[in-house]
Amino acid sequence: MSGAHVLLHIDGRPVQVKAGSSVAAALRVAGGSGVARTSVGGAPRAPFCGMGVCQECRVQIDGQRRLACQTVCAEGMRVETGR
Amino acid sequence: MTNAAMAGERCDVLIVGAGPAGMAAAVAAAQGGASVAVIDDNPAPGGQIWRDGPGASLPAAARAWRDALERQPRIRLCSGTRVVAAPAPDVLLLEDAARAWRMQWQRLILCTGARELMLPFPGWTLPGVTGAGGLQALVKAGLPVEGERIVVAGSGPLLLAAAATARAAGAKVVRIAEQASFAAVAGFAAGLLRWPGKAMQALTLADARYRTASRIVAVQGGTQVKAVRLLRAGRTEEIACDRVACGFGLVPNTQLGRLLGCALAAPGDRAPGLAVDAQQATSRPGIYAAGECTGFGGSERALAQGAIAGHAAVGNMQAAQRHVAARARWDAFADRLHRGFALADELRRMPQADTLLCRCEDVPLAAVAGCSGWADAKLHHRCGMGACQGRVCGDAAQFLFGWTPPPPRPPLSPVRIATLAGLADDAGGDRQ
Ligand SMILES: Cc1cc2nc3c(=O)[nH]c(=O)nc-3n(C[C@H](O)[C@H](O)[C@H](O)COP(=O)(O)OP(=O)(O)OC[C@H]3O[C@@H](n4cnc5c(N)ncnc54)[C@H](O)[C@@H]3O)c2cc1C
Ligand code: FES
């Protein structure tokens with residue numbers, strides 16, 4: 001692939017990942033343990049099933065609620081976690 | 001959005017799921033001259049086993065099937081698309097990142113695969129705890145695990161596959177804890193001689209860190225994983241680690257089939273799959289099912305079933321017949337797999353009273369332990385009412401308490417308001 005990396009923003013911070021990475025992977029690349037959201041009780045949650053079942057990885061991507069594990073990072077994407 | 005505004009498309013054969021089963025079904029149906037549409041919610045075809053990504057190297061077979069799909073002009077592939085409802089008997093409502101639309105079909109083949117069975121234990125909600133197949137999927141999609149110490153726990157051959165993937169990505173797999181006994185696993189391994197390919201695979205996956213008759217007691221840590229406590233032969237052991245991957249086998253994904261009214265079948269004590277006849281036809285006319293949604297058993301079985309379903313759906317029984325022997329061979333393998341890795345009763349003791357059963361609504365085990373069943377747990381404690389719609393806690397409660405999961409209701413997954421509006425229009429029209 002020619003553009004081997006893409007640059008996206010997670011909670012306003014620039015993050016560079018390998019092209020083809022999922023947003024779930026980018027959350028981890030951004031640092032920390034890859035938290036996507038906060039539970040009803042306020043605990044941090046990160047991608048769990050990796051396959052679109054558990055919904056623990058849901059984040060806002062360019063203003064839409066989507067699953068981080070089933071979304072491929074695109075150049076300039078803006079991701080907001082729920083923490 | 002009104003009915004008129006929501007676009008409609010049609011095809012002869014609609015296939016849901018682009019894993020091995022769906023790919024084989026699509027190619028078979030297209031060879032018979034049908035116009036075929038394949039829907040899959042992942043960004044690329046391949047299903048759970050053949051995932052692409054910066055951390056994956058696709059095997060030759062996966063590439064060959066992808067090419068076959070691409071070369072066949074009668075096949076339309078819709079990736080990143082999920083089925084959310086069935087607004088009419090021969091119509092599915094679909095949604096992708098940009099739009100919602102309806103697809104009308106003449107024959108439908110369900111190839112929706114399986115998901116991992118996740119069982120609750122103290123600490124299972126900590127960031128850094130994932131499914132075993134889940135870890136594999138995340139690594140293939142670029143999750144960096146280089147230098148991480150990983151413990152893989154649970155049951156089944158997927159533990160070894162996940163460990164191998166993590167290790168290839170630079171992780172240090174410090175323990176693989178299999179709940180089945182040594183005798184059961186050894187019996188399974190010895191039987192593999194009938195499937196030489198599988199025996200070879202087992203050898204390449206063999207691992208010095210593998211322990212049988214081991215289960216998780218708890219994952220420890222405040223906001224991330226610090227260590228895991230394991231129990232083996234009456235002794236607990238603590239292992240420092242950065243990540244824990246756990247899976248307890250697979251559960252057929254039958255939601256869509258059940259929504260469409262297809263009957264289930266559960267051989268022995270296995271999780272029920274969609275019931276099919278010799279042609280892979282379900283109990284509903286015009287609807288077929290293939291692959292792990294009929295019961296789990298590996299990609300080879302999924303390919304054989306998919307081919308049979310695809311040929312049968314377009315009336316080519318002779319071509320379907322050619323795959324019957326392969327299906328029987330892999331059915332036998334699946335039987336052996338189930339016997340070798342049957343789950344021990346002891347696993348029901350993993351969760352403690354304050355362990356969350358429902359991760360979406362934060363419902364602890366203690367809250368539902370006295371409930372009479374799903375309806376009770378849902379109504380009084382919101383168990384299974386969150387975004388995953390009971391897929392995770394429903395499977396767990398089935399194992400822990402023997403509760404039958406609730407019948408699925410549309411939408412099958414959280415959808416955008418605009419999509420729902422289209423569904424409401426349709427449903428209203430149908431019921432008048
Ligand atoms: C997380 C995970 C990882 C696995 N990894 C391996 C592995 O590395 N090696 C191995 O031998 N086996 C693996 N397996 C077992 C694997 O499921 C099978 O061997 C094989 O992939 C089964 O093929 P299939 O076509 O039946 O289903 P799958 O490959 O599961 O394909 C089903 C497809 O349907 C899609 N789908 C389901 N419902 C919908 C819907 N409503 N709308 C749109 N799309 C939908 C799914 O996203 C999926 O892409 C894994 C299983 C899981 C759950
Ligand atoms: S990690 Fe479970 S849905 Fe994305």
Side-chain angles (χ1 to χ4, degrees), chain A residues 1 3-6 8 15-74 77 81-83, chain B residues 41-44 47-48 51-56 80 82 97-98 113 115-116 118 124-145 221 223-225 242-243 245 247 251 253 356 358-363 382 386-389 391-392 395 413-414 416:
Chain A
M1 212 175 279
H5 287 86
V6 297
L8 67 164
V15 178
Q16 199 181 42
V17 296
K18 286 186 190 151
S21 296
S22 70
V23 173
L27 292 174
R28 178 77 177 83
V29 174
S33 47
V35 172
R37 69 178 202 100
T38 304
S39 79
V40 179
R45 297 283 175 81
F48 178 56
C49 72
M51 58 173 291
V53 170
C54 72
Q55 314 275 316
E56 291 280 34
C57 70
R58 59 189 192 268
V59 289
Q60 292 286 121
I61 300 178
D62 294 334
Q64 266 187 25
R65 195 174 92 158
R66 292 177 65 184
L67 294 180
C69 72
Q70 287 187 317
T71 306
V72 176
C73 294
M77 209 173 229
T81 67
R83 52 171 163 181
Chain B
D41 53 7
N42 280 312
Q48 301 306 347
R51 278 174 184 277
D52 206 352
R82 53 182 91 238
R115 56 182 182 266
E116 268 186 292
M118 314 284 206
W124 78 313
T125 55
L126 277 177
V129 178
T130 68
L135 175 64
Q136 205 181 17
L138 290 163
V139 168
K140 288 178 181 173
L143 181 83
V145 290
T223 52
Q224 64 184 70
V225 177
D242 309 299
R243 185 178 286 283
V251 180
N253 251 332
L356 296 183
C358 173
R359 301 170 64 104
C360 297
E361 296 290 327
D362 282 2
V363 183
R382 292 196 54 78
C388 95
Q389 295 172 337
R391 278 173 177 78
V392 177
D395 293 341
S413 53
R416 290 189 298 271

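The analysis underlying the following values was restricted to heavy atoms, covering all of them including side chains, and did not include hydrogens, waters or symmetry mates. Small disclaimer: the values here were computed from a predicted structure and weren't measured. Chain letters run A, B, ... following the sequence lines, proteins first, then strands; residues in each count from 1.
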(request) Check each of Arg65(A), Arg58(A), Arg66(A) against Pro414(B) using the side-chain contact (heavy atoms from CB on, under 4.5 Å) test, and report the only one that passes. (result) Arg65(A)
Would you mind checking which part of [X] comes under 4.5 Å of any heavy atom in chain A, side chain (CB onward), backbone (N, CA, C, O), both or neither?
X: Gln48(B); answer: side chain
X: Leu356(B); answer: side chain
X: Ala132(B); answer: neither

What's the spacing between [X] [atom1] and [Y] [atom2] if we round to 0.5 Å?
X: Cys69(A); Y: Leu143(B); atom1: SG; atom2: CG; answer: 11.5 Å
X: Ser21(A); Y: Lys140(B); atom1: OG; atom2: NZ; answer: 15.0 Å
X: Arg115(B); Y: Met51(A); atom1: CZ; atom2: CE; answer: 8.0 Å
X: Arg391(B); Y: Gln55(A); atom1: CZ; atom2: CD; answer: 7.5 Å

Leading residue by heavy atom contact count with chain A [cutoff under 4.5 Å; candidates [options]]:
options: Val139(B), Leu126(B), Asp242(B), Val129(B); answer: Val129(B)
options: Ala137(B), Gly386(B), Ala387(B); answer: Ala387(B)
options: Gly247(B), Ser413(B), Ala56(B), Ala97(B); answer: Ala97(B)

(message) I'd like to know if the side chain of Arg45(A) and the backbone of Arg359(B) have a donor-acceptor N/O pair within less than 3.5 Å.
(response) yes
(message) Between Ala26(A), Cys49(A), Cys73(A), who has the most heavy-atom pairs with chain B when the cutoff is under 4.5 Å?
(response)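 The residue among Ala26(A), Cys49(A), Cys73(A) with the greatest pair count is Cys49(A).
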Work out which heavy atom in [X] is nearest to a heavy atom in [Y]; give both atom names and the distance.
X: Cys360(B); Y: Val40(A); value: O-CG2, 3.3 Å
X: Pro127(B); Y: Val35(A); value: CG-CG2, 4.0 Å
X: Asp362(B); Y: Gly41(A); value: OD2-N, 2.6 Å
X: Gly142(B); Y: Ala25(A); value: C-CB, 3.4 Å

(message) Is any side-chain heavy atom of Leu138(B) closer than 4.5 Å to one of Pro47(A)?
(response)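 In contact.
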(request) Would you check, one step at a time, whether the test side-chain contact (heavy atoms from CB on, under 4.5 Å) holds for Arg82(B) with Leu67(A)? (result) CA-CA 12 Å; Arg82(B) 53 182 91 238; Leu67(A) 294 180; 3.5 Å; yes
(request) Just grab all the side chain to side chain donor-acceptor pair (under 3.5 Å) pairs involving residues 126-138 of chain B, residues at least two apart or on different chains. (result)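 Sorted pair list: Gln136(B)-Thr165(B).
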(message) Using heavy-atom distances under 4.5 Å, tell me whether Ile61(A) contacts chain B through its side chain, its backbone, both, or neither.
(response) neither
(request) Counting only heavy atoms closer than 4.5 Å, note whether Gln64(A) contacts chain B via side chain, backbone, both or neither. (result) side chain
(request) If a pair satisfies salt bridge (Lys or Arg N to Asp or Glu O under 4.0 Å) and one of its residues is in residues 127-137 of chain B, list it, with sequence neighbours excluded. (result)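 Matches after skipping sequence neighbours: none remain.
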